[in-house]
2 protein chains.
Amino acid sequence: MTICDHDNGALALNRQLCFALYAASRAMTRAYQPMLQDLGITYPQYLVLLVLWEWDQPGERDDTDFSVGALGGRLMLDSGTLTPLLKRMEQRGLVIRRRAARDERVTLVEITDAGRALKPRAQDWVTRQLDDSPVSPQEVEQLRGQLWTFLAKLGGGAPVSGSSVDD
Amino acid sequence: MTICDHDNGALALNRQLCFALYAASRAMTRAYQPMLQDLGITYPQYLVLLVLWEWDQPGERDDTDFSVGALGGRLMLDSGTLTPLLKRMEQRGLVIRRRAARDERVTLVEITDAGRALKPRAQDWVTRQLDDSPVSPQEVEQLRGQLWTFLAKLGGGAPVSGSSVDD
DNA sequence: AACAATTAGATTGTGTACAATTTAATTGCG
DNA sequence: CGCAATTAAATTGTACACAATCTAATTGTT
């Protein structure tokens, strides 16, 4: 039983980090569904809001940097994903899209009050989850750290580049 | 600088385990692209093949268990995802789909020789990657373990259920 | 100024994910 | 047996991902 002569070697599914990541990522998305459904948004839209909420702090940045490109850089998503996603968010009144005056190629993304209004609700939910999570804050912290270390070595792009190394 | 009065608290993007998982999973898929393109398959199709290659060992299981449902259980995917994916794999000659004789509701999935032929090529690539990876085997192992621990606590389903706890 | 090269998004096409519904086969029970 | 519940896939509809291509605006030369 413990002897596995059938040589799947490096290819055993359970041995694959890639599958563990894939499964864990989808399980995480699933775990967010109750909140997302309550807020009426999808998971990637929620990630967009996380960025916009950060950008919405007074005097954080030059307004001209709130572009589709900057958003994509932060989330590592390209325009093929973000453009339709942002259009849907615009239809729901969560953001406004407009061309930059100084460079008409650039589309600026601005959060609306309706978008801001979702923040405390998300915050409450996340805080509540962290409180009665079966996973300890230390475990979460360690896993998150390892994932970013791993991502950096994959050349996938750093979690943040510069200003707000806030934790 | 270390004081972040703009209270994003629990919602700072970089603090989100969910985003780390999401980004890492997509980065991993990206890392597999060269091989996948070479084999002419997609990432989820590759995961299906990993399962089929495991099932393809002599005397491993009852044939009647090589169903869409069993595949979905292993990969945590439902028929809405698997059915079209398997149809595409069938068109490329990698698998055969047929109804089970004993229960016509069940669709059995069988690997073909063309599907088997991809295994050594994948194996070579994965082995090569592990060899000159910037991430040590210990790191990979630890991360993988933590992800499964985490997944189990999320209630996402165990990596394997029963027979082949082979590593 | 003129024009090739670059850049930022948008578009197109393919392939997942997954909720919700539908269809067909099987099971359980009176 | 007969039929309501269950079960397994398939289907439908919405929303990502991402490669490849296209379009329009800008820049860097000469």
Side-chain angles (χ1 to χ4, degrees), chain A residues 19 21-34 36-37 40-48 64-73 75-92 94 97-109 156, chain B residues 19 21-34 36-37 39-48 64-73 75-92 94 97-109 156-157:
Chain A
F19 177 54
L21 278 169
Y22 174 76
S25 178
R26 287 188 302 115
M28 183 61 109
T29 304
R30 233 172 283 139
Y32 272 75
Q33 283 312 306
L36 296 172
Q37 195 146 30
I41 57 177
T42 65
Y43 183 71
Q45 289 173 17
Y46 170 68
L47 295 180
V48 166
T64 51
D65 258 16
F66 300 162
S67 65
V68 170
L71 202 50
L75 298 174
M76 304 178 219
L77 291 170
D78 73 4
S79 68
T81 300
L82 285 176
T83 296
L85 185 157
L86 291 169
K87 283 181 178 174
R88 283 185 286 269
M89 292 182 78
E90 187 171 39
Q91 283 187 339
R92 290 179 197 199
L94 301 175
R97 283 157 15 97
R98 62 192 160 80
R99 291 290 176 168
R102 80 168 70 188
D103 185 342
E104 290 285 345
R105 289 173 305 180
V106 174
T107 297
L108 267 19
V109 182
Chain B
F19 177 54
L21 278 169
Y22 174 76
S25 178
R26 286 187 303 114
M28 183 61 107
T29 303
R30 232 173 283 138
Y32 272 75
Q33 283 313 304
L36 296 172
Q37 193 145 32
L39 300 191
I41 57 177
T42 66
Y43 183 71
Q45 289 173 16
Y46 169 68
L47 296 181
V48 166
T64 52
D65 257 17
F66 300 162
S67 64
V68 171
L71 202 49
L75 298 174
M76 303 177 219
L77 291 169
D78 73 5
S79 68
T81 299
L82 286 175
T83 296
L85 185 157
L86 291 169
K87 283 181 178 175
R88 284 186 285 270
M89 291 181 78
E90 186 170 40
Q91 284 187 339
R92 291 179 195 199
L94 302 175
R97 282 155 17 96
R98 62 191 160 81
R99 291 290 176 168
R102 79 168 72 186
D103 185 342
E104 289 285 345
R105 290 172 305 180
V106 174
T107 296
L108 266 20
V109 182

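For clarity, every value in this text was computed on a predicted model and none was experimentally measured. Order of the sequence lines fixes the chain letters, A, B, ..., with proteins taken first and strands second; residue numbering starts at 1 for each chain.
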Q: Sequence neighbours left out, what passes ring pair (Phe, Tyr, Trp, His ring centres under 6.0 Å) with B/Tyr46? Give chain and number order.
A: B/Tyr32

Q: Between B/Glu104 and A/Leu86, which residue's closest nucleotide on DNA chain C lies nearer the 5′ terminus?
A: A/Leu86

Q: Could you write nucleotides 15-21 of chain D as a row of B, S and -, 5' to 3', where a protein heavy atom under 4.0 Å of any base atom gives B, of only sugar-phosphate atoms gives S, and otherwise -?
A: SSBBB--

Q: So, using side chain to side chain contact (heavy atoms under 4.5 Å, CB included) as the criterion, who are the partners of B/Ala24 when residues are at least two apart?
A: A/Leu21, A/Leu147, A/Leu151

Q: Kindly compute the distance separating CD (B/Gln37) from OG1 (B/Thr42), expressed to the nearest 0.5 Å.
A: 12.0 Å

Q: Not counting sequence neighbours, which residues clear salt bridge (Lys or Arg N to Asp or Glu O under 4.0 Å) with B/Arg88? List them please.
A: none

Q: On DNA chain C, reading 5' to 3', which nucleotide is the first and which the last to sit with an atom under 4.0 Å from a heavy atom of chain A, could you check?
A: C/dT7 to C/dC18

Q: Please find the pair of heavy atoms, one from B/Met89 and one from B/Val48, that lie closest to each other, and give the distance.
A: SD-CG1, 3.9 Å

Q: Enter the distance from B/Tyr43:OH to B/Arg26:CZ here, rounded to the nearest 0.5 Å.
A: 13.0 Å

Q: Which heavy-atom pair separates B/Val106 from B/Ser67 by the least distance, and what is that distance?
A: CG1-CB, 3.5 Å

Q: Can you name the residues that form a side chain to side chain contact (heavy atoms under 4.5 Å, CB included) with A/Arg99, not counting sequence neighbours?
A: A/Glu104, A/Thr107

Q: Check DNA chain D for consecutive Watson-Crick or G-U pairs with both distances under 3.5 Å and list the runs of at least three as stems.
A: C:1-30 with D:1-30

Q: Between the protein and nucleotides 5-8 of chain D, are there any N/O to N/O pairs under 3.5 Å, and if so, what are the atom names and distances?
A:
{"unit_1": "D/dT7", "atom_1": "O2", "unit_2": "B/Arg105", "atom_2": "NH1", "d": "2.8"}

Q: Would you be so kind as to tabulate the donor-acceptor pairs closer than 3.5 Å made by side chains of residues 78-86 of chain A, with sequence neighbours excluded?
A:
{"unit_1": "A/Asp78", "atom_1": "OD1", "unit_2": "A/Gly80", "atom_2": "N", "d": "3.1"}
{"unit_1": "A/Asp78", "atom_1": "OD1", "unit_2": "A/Thr81", "atom_2": "N", "d": "3.2"}
{"unit_1": "A/Thr83", "atom_1": "OG1", "unit_2": "A/Ser79", "atom_2": "O", "d": "3.0"}

Q: Atom OH of B/Tyr22 and atom OG1 of A/Thr29: how far apart are they, to the nearest 0.5 Å?
A: 8.0 Å

Q: Could you work out, with side chain to side chain donor-acceptor pair (under 3.5 Å) as the rule, every residue matching B/Arg92, not counting sequence neighbours?
A: none

Q: Between atom CE of B/Met76 and atom CZ of A/Phe19, what is the distance when rounded to the nearest 0.5 Å?
A: 4.5 Å

Q: Which residues pass the salt bridge (Lys or Arg N to Asp or Glu O under 4.0 Å) test with B/Arg97, not counting sequence neighbours?
A: B/Glu90

Q: Measure from CG on B/Leu71 to C1' on D/dA10 and round the result to the nearest Å.
A: 15 Å

